[in-house]
Amino acid sequence: MAKNKFYITTPIYYSNSEPHIGTAYCTVVADTFARYYRLRDYDVFFLTGLDEHGPKLARSAEERGYTPKEFVDMMAEKFIKTWERIGITNDDFIRTTQERHEIVVQRVFQKLYEKGYLYKGSYAGWYCTPCETYWGEDELKEGKCPNCERPVEWLEEETYYFKLSLFSEPLLKYIEEHPEFVFPESRRNEVISFIKQGLKDISATRSTVKWGVLVPFDPKHTVYVWFDALINYISALGYLREDNERFDRYWPADIHLIGKDILRFHAVIWPAILMALDLPLPKTILAHGFWTIKGGKISKSKGNRVDPHELMDLYGVDALRYFLLREVPLGLDGEYSESSFHRRYQSDLANDLGNLLNRVITVTEKYTEGKVPEPSLHGERERELLDIIENSIKKVESSMENLNPASALTSIWEIVQSANRYIDQSAPWNLEKMGKRDLLNTVIYTLLETLRKLSILLYPFIPDTAEKIQEQLGYKDKQFAWDLLWNAKIPVGQRVQKGKVLFPKVDIKEEKEETSLVNINDFQKLDLRVAKVLSARKIENSDKLLLLEIDLGFEKRQIVAGIAQFYSPEELIGKKIIVIANLEPAKIKGYLSYGMLLAGKDEKGNLSILTVDKDLSPGAKVS
RNA sequence: GGCGGUGUAGCUCAGCGGUUAGAGCACACGGUUCAUAACCGUGGUGUCCAGGGUUCGAAUCCCUGCACCGCCA
């Protein structure tokens with residue numbers, strides 16, 4: 001019997017910036033669905049990847065002194081490492097610079113051209129040459145490029161248009177007939193009202209951008225990045241290629257998980273392309289919300305970016321996953337703060353779940369020699385707990401069906417809470433003295449069995465924890481499958497294995513009011529690092545500035561330093577200097593500086609850069 | 001300017017026509033000692049944004065206004 005299939009995707013993230021809480025969020029949610037459906041015995045295909053084309057990327061690479069290829073390879077490494085650490089179980093990782101992808105983009109383009117959906121025209125607008133980007137009249141900042149503030153020029157460019165206008169009617173009809181096509185409903189309404197205004201043909205190629213996929217029938221053009229990017233969902237499956245078994249098996253996608261910012265590409269343009277190709281449309285475009293800090297957007301320029309690695313260092317992988325999944329219903333914006341994260345960790349994970357496991361294992365060791373006892377009685381309390389568990393499982397299933405992992409977690413915590421209540425009411429620590437051996441055995445057995453079920457239920461959300469629970473329950477081979485909720489029991493006689501506390505308490509210092517004194521937290525905001533100077537040269541038209549390329553161990557960067565009057569470029573090369581690695585990038589004399597080196601200066605005007613007393617590797621933290 | 005959404009306990013939110021309006025967190029008191037100063041129980045708090053209307057009955061439906069947010073122009 002063929003299994004049901006489930007195909008879920010994340011967007012391919014623009015590899016211009018490193019993984020942050022937003023991309024981590026999206027990927028964790030997708031992973032949770034993927035894991036859940038695997039437990040339900042679906043044949044799951046989970047795709048994520050990177051968007052590696054486009055002018056911005058080429059420019060970022062150049063600014064840092066890399067070729068685009070070197071740069072995207074380096075970034076890809078970071079994404080892959082981060083996802084590994086978060087326990088992401090993607091089945092493939094697509095990169096738009098891969099040949100397998102580029103070929104499909106070209107074939108799709110050729111096909112659309114032959115079917116008459118692409119035509120040559122021209123595009124005009126205010127063009128910024130360094131940024132390789134067109135801007136609308138209203139987007140300009142005082143008549144200049146809003147991105148780099150350099151002058152723009154009115155330019156007309158040859159381009160191929162995609163006949164999006166043909167699809168207003170069919171799209172509208174489709175969306176109206178398929179209420180589940182866009183989620184949540186408010187986003188669906190947005191899409192409908194957008195389409196109702198009428199769709200215009202859109203430019204699908206560029207002749208000024210080099211870093212992209214060549215248009216097969218007119219190679220002075222490259223395919224516009226958005227078009228290139230959308231194709232990933234089918235190129236990864238081998239569409240229009242010889243090895244297209246995956247495509248036959250998994251398309252159409254069950255869920256395209258996306259951020260609300262790219263809703264239109266996915267709910268309008270992408271389905272139009274698919275219709276043009278005579279392909280079935282994905283079942284659901286699921287737009288999640290954004291994380292905010294103090295009600296505002298998280299952005300690099302505000303410098304309030306949240307590094308998932310820092311949270312994992314402090315609290316662990318599952319704390320991050322749990323917070324992201326639990327704090328906010330999928331589809332809405334969520335407010336991130338250290339204190340809300342800490343609260344979730346402390347009360348839900350440490351106090352409720354972690355402590356439950358800990359106390360149950362201790363009781364087992366104390367009263368039944370660490371072995372799963374044989375249950376005998378089955379009383380009112382056991383019945384009650386079982387009812388709650390059964391009920392919660394059903395709620396988890398319907399919550400997942402309704403795309404709401406947050407409410408699934410709420411239901412799972414009903415079990416945690418009931419188990420805590422059960423152990424309190426049954427008070428196994430009194431039963432031995434009272435000579436109620438049978439009841440004692442039943443109570444302990446019931447608790448261990450409840451934890452076994454919990455481990456399965458938790459697996460899609462916090463897989464590490466789920467595994468640790470089974471380890472402590474004494475399982476050598478982990479058992480994760482949904483039907484084991486009903487068709488298995490913890491084996492009598494199995495030896496439990498007390499392990500480390502699941503979620504150790506984490507101390508954080510309360511946020512202090514601003515004072516003139518800085519506290520240790522303030523200091524710790526500075527990411528001071530040892531860096532090795534790789535190259536140095538004078539910046540033209542400046543007698544103070546040097547442009548340095550430095551090795552930070554984890555990456556190479558350029559920084560601008562105002563020390564040309566004190567150091568020659570030659571004497572700096574090879575020196576180990578101290579830099580602030582997380583300083584907001586600044587543009588100095590047209591050069592972007594990604595950090596600042598530390599130097600001391602006395603009243604006489606002598607300047608000396610800071611260096612290390614003994615040899616340290618680049619990237620070493622200074623504190 | 002157009003379309004849509006939101007406004008409920010100190011905080012985050014659920015309820016969306018029907019008994020004294022709910023949950024979690026926080027707070028207070030009590031219990032308990034197996035446990036990560038944890039867990040369990042009990043408790044209080046609310047002009048359900050404002051005003052008007054429909055209804056036997058409205059946080060819930062309709063209208064107006066205010067505030068915030070989203071999409072579009």
Side-chain angles (χ1 to χ4, degrees), chain A residues 136-139 182 184-200 259-265 267-268 287-292 294-297 315-316 319 323 326-337 339-368 370 381 385 395 399 402 404 406-407 409-414 416-433 440 443-444 447-448 451 465 472 496 498-507 510:
Chain A
E137 183 77 49
D138 48 341
E139 287 173 305
V182 181
E185 205 185 335
S186 55
R187 299 291 160 207
R188 180 169 177 265
N189 293 337
E190 278 177 23
V191 171
I192 291 174
S193 72
F194 177 73
I195 299 175
K196 277 188 175 159
Q197 292 166 21
L199 300 175
K200 280 185 242 155
K260 61 181 185 177
D261 53 328
I262 49 175
L263 179 64
R264 258 168 47 207
F265 287 108
V268 179
H288 68 247
F290 288 154
W291 288 92
T292 59
K294 296 197 178 99
K297 270 197 180 178
Y315 292 95
F323 176 81
R326 171 63 197 267
E327 186 70 3
V328 163
L330 195 50
L332 301 181
D333 284 353
E335 169 78 7
Y336 168 82
S337 73
S339 63
S340 58
F341 191 102
H342 185 75
R343 213 169 27 231
R344 282 284 174 208
Y345 179 83
Q346 208 82 334
S347 78
D348 295 3
L349 293 177
N351 295 350
D352 291 349
L353 178 62
N355 185 46
L356 173 67
L357 177 72
N358 194 239
R359 64 199 301 212
V360 170
I361 299 292
T362 307
V363 167
T364 309
E365 288 190 327
K366 210 156 176 173
Y367 299 107
T368 63
R381 285 203 186 108
L385 180 60
K395 285 199 241 172
S399 296
N402 294 322
N404 194 343
S407 103
L409 280 169
T410 308
S411 302
I412 296 173
W413 252 256
E414 283 171 21
V416 174
Q417 198 195 3
S418 305
N420 272 320
R421 190 186 310 133
Y422 174 78
I423 190 171
D424 255 55
Q425 289 173 343
S426 311
W429 45 91
N430 289 333
L431 294 173
E432 194 170 52
K433 300 175 224 156
L440 177 60
V443 168
I444 292 178
L447 286 163
L448 291 168
L451 281 165
T465 303
Q472 297 209 23
V496 303
K498 188 161 192 164
K500 278 194 198 137
V501 158
L502 289 183
F503 302 102
K505 285 277 163 72
V506 171
D507 281 327
E510 289 298 314

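Residue numbers begin at 1 in each chain, while the letters A, B, ... track the order of the sequences. Keep in mind that this is a model prediction, so the values were computed, not measured.
- Following rounding to the nearest Å, I423(A) (CD1) and C39(B) (P) show an atom-to-atom distance of 13 Å.
- Rounded to whole Å, the distance from CG on N189(A) to C1' on C3(B) is 10 Å.
- Listed candidates were U36(B), G70(B), C34(B). Nearest to the side chain of K260(A) is G70(B).
- As judged by a 4.0 angstrom heavy-atom cut-off over every strand, S186(A) is placed among residues making no nucleic acid contact.
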### Task
Test Q417(A) against D352(A) for side-chain contact (heavy atoms from CB on, under 4.5 Å), laying out the working first.
CA-CA 7 Å; Q417(A) 198 195 3; D352(A) 291 349; over 6 Å; no
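- For K505(A), taking side-chain heavy atoms from C-beta onward, the closest of the listed nucleotides U36(B), C39(B), C72(B) is U36(B).
- Note: CG (L385(A)) to C1' (C40(B)) measures 14 Å, nearest angstrom.
- Rounded to whole Å, atom C1' of G70(B) lies 6 Å from atom CD of E190(A).
- For the pair K196(A) NZ and G2(B) P, the interatomic distance rounds to 18 Å; values are reported in whole Å.
- Taking the ring centre of F194(A) as origin, the terminal cationic atom of R264(A) falls inside the region bounded by 6.0 Å and 45° from the ring axis.
- Qualifying side-chain contact (heavy atoms from CB on, under 4.5 Å) partners for N189(A), counting only residues two or more places apart in sequence or in other chains: none.
- Base pairing of U47(B) is not made with any nucleotide, judged by Watson-Crick or G-U wobble geometry with both donor-acceptor distances under 3.5 Å.
- Separating the C1' atom of U33(B) from that of U19(B) is a span of 41 Å, rounded to the nearest Å.
- Remark: C61(B) base-pairs with G53(B). Criterion, Watson-Crick or G-U wobble with two distances under 3.5 Å.
- For the C1' atoms, the distance linking C11(B) with U54(B) amounts to 36 Å, nearest Å.
- Nucleotide G22(B) forms a Watson-Crick or G-U wobble pair with C13(B), both donor-acceptor distances falling under 3.5 Å.
- Annotation: E185(A), atom CD; neighbour count of heavy atoms from other residues, nucleotides and ligands within 6.0 Å does not exceed 12.
- One atom, CG of N420(A), and another, C1' of G41(B), lie 13 Å apart when rounded to the nearest Å.
- Remark: the separation of the C1' atoms in A23(B) and C63(B) is 33 Å, to the nearest Å.
- Nucleotides U8(B) and A50(B) have their P atoms positioned 10 Å apart, rounded to a whole Å.
- Atom name P, nucleotides G18(B) and U12(B): the rounded distance is 27 Å, in whole Å.
- Nearer to the 5' terminus of RNA chain B, by closest-nucleotide assignment, is the contact made by E327(A) (compared with the other of L502(A) and E327(A)).
- Interatomic distance, CG of N358(A) versus CG of L353(A), reported as 11.0 Å (0.5 Å rounding).
- Across all strands shown, C39(B) forms a Watson-Crick or G-U wobble pair, both distances under 3.5 Å, with G31(B).
- Contact annotation for Q197(A): backbone-only contact, meaning every heavy-atom pair under 4.0 Å involves sugar-phosphate atoms and none involves a base.
- Scanning for side chain to side chain donor-acceptor pair (under 3.5 Å) contacts around N351(A) gives K505(A), with sequence neighbours left out.
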Nucleotide N/O to protein N/O under 3.5 Å, stretch nucleotides 21-27 of chain B:
{"from": "C25(B)", "atom 1": "O2'", "to": "R343(A)", "atom 2": "NE", "distance (Å)": "3.4"}

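- With both ends at atom P, the span from G17(B) to A67(B) equals 29 Å, rounded to whole Å.
- Of the nucleotides present, C3(B) is the one that pairs with G70(B) by Watson-Crick or G-U wobble criteria, both distances under 3.5 Å.
- Residues meeting the side-chain contact (heavy atoms from CB on, under 4.5 Å) test with R343(A), sequence neighbours left out: S340(A).
- Scanning for side chain to side chain donor-acceptor pair (under 3.5 Å) contacts around E327(A) gives R344(A), with sequence neighbours left out.
- Look at the C1' atom in both A28(B) and C34(B): the space between them is 26 Å, to the nearest Å.
- Judged by closest nucleotide on RNA chain B, N430(A) is the one of N430(A) and R264(A) placed further toward the 5' end.
- Only the C1' atoms considered, G53(B) is 32 Å distant from U45(B), to the nearest whole Å.
- When rounded to the nearest whole Å, the span between CG of L263(A) and P of G4(B) equals 17 Å.
- Put simply, OH on Y336(A) is 21 Å from P on C11(B), counting in whole angstrom units.
- Remark: K498(A) pairs with T362(A) by the side chain to side chain donor-acceptor pair (under 3.5 Å) rule, at least two apart or across chains.
- Considering only the side chain of R421(A), C40(B) comes nearest among C40(B), C3(B), U36(B).
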